[in-house]
Amino acid sequence: MSHTVAAFRALVRKDIAIFLRDRRALIVSVLTPIVVAAFFGFLFGGTGSGGNAISRLPVGITDLDNSALSKAVVDSLKHDASLETQLVSEERAQQLVRAGKLRAAIVFPGGFEAQATGALLDAGSQHPEVKLLYDPSQSMVQPVVAGLLTQHVMQRISRPNFTGNARAAPFTLDRIAVATGPRYNGYAHSFAGMSIQFVLFMGIDAGVALLLMRQEGMWRRLRAAPLSRAVLLGSRVVSTTIIAMFILTVVYLAACLIFGVRISGSVPGFIMVACSFALLAATTGLMIASVGRTVAATRGVAIFAVLLLVMLGGAWVPAFLFPEWLQHVTEFVPTRWAVDGLDAMTWRGLPLQAALAPTAVLLGFSALFALIAIWRFNWEDG
Amino acid sequence: MHLVADRLEKKFGAITAVADVSFTAVPGQVLGLLGPNGAGKSTTISMLAGLTKPDSGCVTIDGVTLGTGADPTKRHLGLVTQEIALLEELPARMNLEFFGGLYGLRGRPLASRIASVLELTSLADRAGDPPSQFSGGMRRRLNIACALLHEPQILLLDEPTVGVDPQSRNAIFDTIEVLAGEGRALVYTTHYMEEVERLCDRIVIIDHGKVLADDSLAGLLASTAVSNKLTLKYDLPPDGVALTEIAQLAGVTQIDLAGTELSVSAADLGTAAPRVLERLAARGFSCQELTSRRANLEDVFLSLTGRTLRDT
């Protein structure tokens with residue numbers, strides 16, 4: 001048994017030593033995600049990227065007035081093709097926006113109809129304060145919802161009261177950012193996405209390295225030792241997972257120290273998601289090695305697959321911008337859970353419970369990939 | 001320890017790579033596995049090393065059947081692969097630490113073994129350098145050293161001198177002779193006859209997956225219809241009478257005349273050569289140039305297979 005442990009340690013140590021030995025490759029492997037994430041973070045968190053949401057925006061509505069006007073506006077909003085509305089309490093609306101389930105929520109105050117009608121006829125009278133709760137990471141949503149709200153209110157209120165001299169919206173909009181973290185950081189999402197992309201690339205490299213080991217006779221030599229399949233493949237998974245964790249740690253350290261990203265949610269939750277994703281990257285590499293034939297062909301196909309995964313996972317562009325059907329489809333993509341999990345634990349500031357589902361899904365995919373790898377692995381070649 | 005290959009057979013689809021291969025490697029001896037590329041040597045080595053399971057037959061080490069995977073019997077085996085299977089990025093010492101670790105070695109025993117194999121392979125002064133900075137011969141020697149850390153009693157060397165210069169080749173031969181002298185059983189595959197002739201106590205000739213011969217070099221030469229050859233050049237070719245007399249000399253098996261060059265095949269050159277020269281001189285033919293060549297493995301291989309190793 002001690003021989004097996006020593007052999008396992010030797011195999012893991014070897015992989016890590018090789019990774020750390022090539023200083024240039026090491027620097028590139030951590031610097032690339034940082035640089036790319038910084039660029040994307042600048043784009044998404046900085047000056048607005050504009051554009052329209054492709055899918056219907058999920059928006060919550062709280063009607064504290066319950067007047068004919070507020071009901072008519074709510075009904076009008078319900079029928080807007082750009083929105084997917086649901087009636088919720090104000091407290092629930094805040095929770096759902098915080099959890100990312102709603103992009104925004106509109107709260108009509110009590111006395112809305114009376115004040116809005118008065119304001120329409122007399123600009124000097126008191127305007128009702130309609131609250132617009134929005135997700136600060138998706139800054140483009142806020143003007144879209146505000147514009148639509150103004151349009152629907154004006155349509156409803158002007159029908160019975162039109163005098164031809166109305167000059168402005170008969171209410172003021174109180175825009176309230178709902179974030180639990182100390183302060184929203186536009187880099188947080190891009191660091192989640194890019195670290196996932198580049199750690200998956202590292203996973204591919206680990207898989208391709210296994211194919212190279214076959215070509216170069218190393219695999220033959222390893223199998224000549226009295227080692228089980230579990231030791232040979234298990235050590236590979238462990239070493240790749242450790243390397244993936246190392247990259248994630250360095251990248252997020254840079255994100256925190258240089259770009260002000262904070263783990264505003266649960267730190268254990270963040271570690272859980274990161275560890276399970278690192279394991280996923282390792283098993284992905286192993287699966288690639290098991291189904292791949294030649295190094296060149298495998299690398300090409302694997303890079304394509306990873307790019308597809310990270311794209312669908314919302315690593316480049318937030319998933320809420322996808323068409324609705326695609327948003328549902330991407331729930332079957334592991335990277336979507338990884339991105340969402342890291343987002344939840346960083347800028348969304350969600351508690352540990354929010355990390356459980358992503359962790360479970362990532363571990364499930366890891367187990368599936370590992371099973372495929374064991375099933376398809378050709379033990380005797382090389 | 002004795003390594004026994006007992007009626008090994010391995011097929012890949014419809015192709016029979018190895019058929020009914022049997023031989024025994026004994027302690028202190030080098031067994032040469034000689035055959036052309038594609039003869040089945042590598043498949044045989046794979047089965048001997050526990051990498052490939054035979055379709056039928058078995059490999060035993062001192063009577064214990066060798067398995068694949070984590071079979072502890074494998075600890076008695078060391079495999080020197082045909083490919084130089086090293087961690088190019090890591091120093092030689094770290095390579096050795098890694099391969100020793102695979103067999104559970106660590107701490108002082110590992111350090112001691114590393115020092116020992118570095119000494120044996122004359123690489124002690126380059127232990128801190130990565131193999132990528134080594135010459136081809138040094139890489140080959142390190143490749144051998146990596147298989148020796150766990151002190152295997154049986155060593156399988158799969159074409160360990162491919163691509164090395166003569167000096168390094170001799171250094172490898174010296175190492176192999178030391179290992180055999182320590183009482184290990186060595187199985188050495190190659191398609192270089194000269195290596196087999198120099199190193200091997202016993203020779204197994206394999207072709208198309210079958211064992212064609214299994215004997216010592218002397219035994220192979222004696223048991224196969226091969227002869228030593230004497231070549232003589234004359235200013236004028238010997239006449240018919242002289243040739244008839246030469247052909248009738250005791251020990252002469254065949255003569256061929258091509259222009260002024262006469263080839264005489266004989267079982268024992270030491271006895272036949274003086275008689276041939278004497279008879280031709282008596283007939284007035286003065287020899288201008290004389291060469292002799294002993295029969296070798298190439299002749300044995302040609303005799304057994306109808307082709308030379310280099311043809312394959």
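The structure presented is a predicted model; accordingly, all values stated were derived computationally and were not measured. Residue numbering restarts at 1 for every chain, and letters A, B, ... go by the order of the sequence lines.
In this structure the side chain of A/V30 never reaches within 4.5 angstrom of the side chain of A/F198, judged on heavy atoms. Taking the side chain as every heavy atom from C-beta outward, B/V196 and B/Y192 never approach each other to under 4.5 Å.
Highest contact tally toward chain B, considering only A/A230, A/A224, A/A17, is held by A/A224 [criterion: heavy-atom pairs under 4.5 Å]. Highest contact tally toward chain A, considering only B/A49, B/G67, B/P91, is held by B/P91 [criterion: heavy-atom pairs under 4.5 Å]. In terms of non-hydrogen atom pairs under 4.5 Å with chain A, the most contact-rich of B/G104, B/P130, B/G100 is B/G104. When the candidates B/D71, B/V80, B/L87 are compared by the number of heavy-atom contacts under 4.5 Å with chain A, B/L87 comes out ahead. Per-residue heavy-atom pair counts under 4.5 Å with chain A were compared for B/T81, B/T73, B/I84, and the maximum is reached by B/T81.
Proximity to chain A (any heavy atom under 4.5 Å) is restricted, for B/D158, to the side chain, taken from C-beta onward. Neither the backbone nor the side chain of A/R13 comes within contact range of chain B; no heavy atom of the residue lies under 4.5 Å from a heavy atom of that chain. When heavy atoms are compared at a cutoff of 4.5 Å, B/S46 approaches chain A by way of both its backbone and its side chain. In this structure, chain B has a heavy atom under 4.5 Å from the side chain of A/R21, while its backbone stays farther away. Using a 4.5 Å cut-off between heavy atoms, B/L77 does not touch chain A at all. Within the 4.5 angstrom heavy-atom criterion, no atom of B/L156 approaches chain A.
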Output, in order, the C-alpha distance, side-chain angles, deciding distance and verdict of ring-ring contact (aromatic ring centres under 6.0 Å, His included) for A/F191 and A/F40.
CA-CA 8 Å; A/F191 267 91; A/F40 273 99; over 10 Å; no
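Ionic pairing of A/D15 and A/R236 is present here: one or more N-O contacts between side-chain nitrogen and carboxylate oxygen are shorter than 4.0 angstrom.
Between the side chains of B/E89 and B/S132, not a single donor N or O lies within less than 3.5 Å of an accepting N or O.
Cation-pi geometry between A/R214 and A/F377 is satisfied (NZ or CZ under 6.0 Å from the ring centre, within 45° of the ring normal). For the pair A/R221 and B/F99, the cation sits on the ring face: its NZ or CZ lies under 6.0 Å from the ring centre, inside 45° of the axis.
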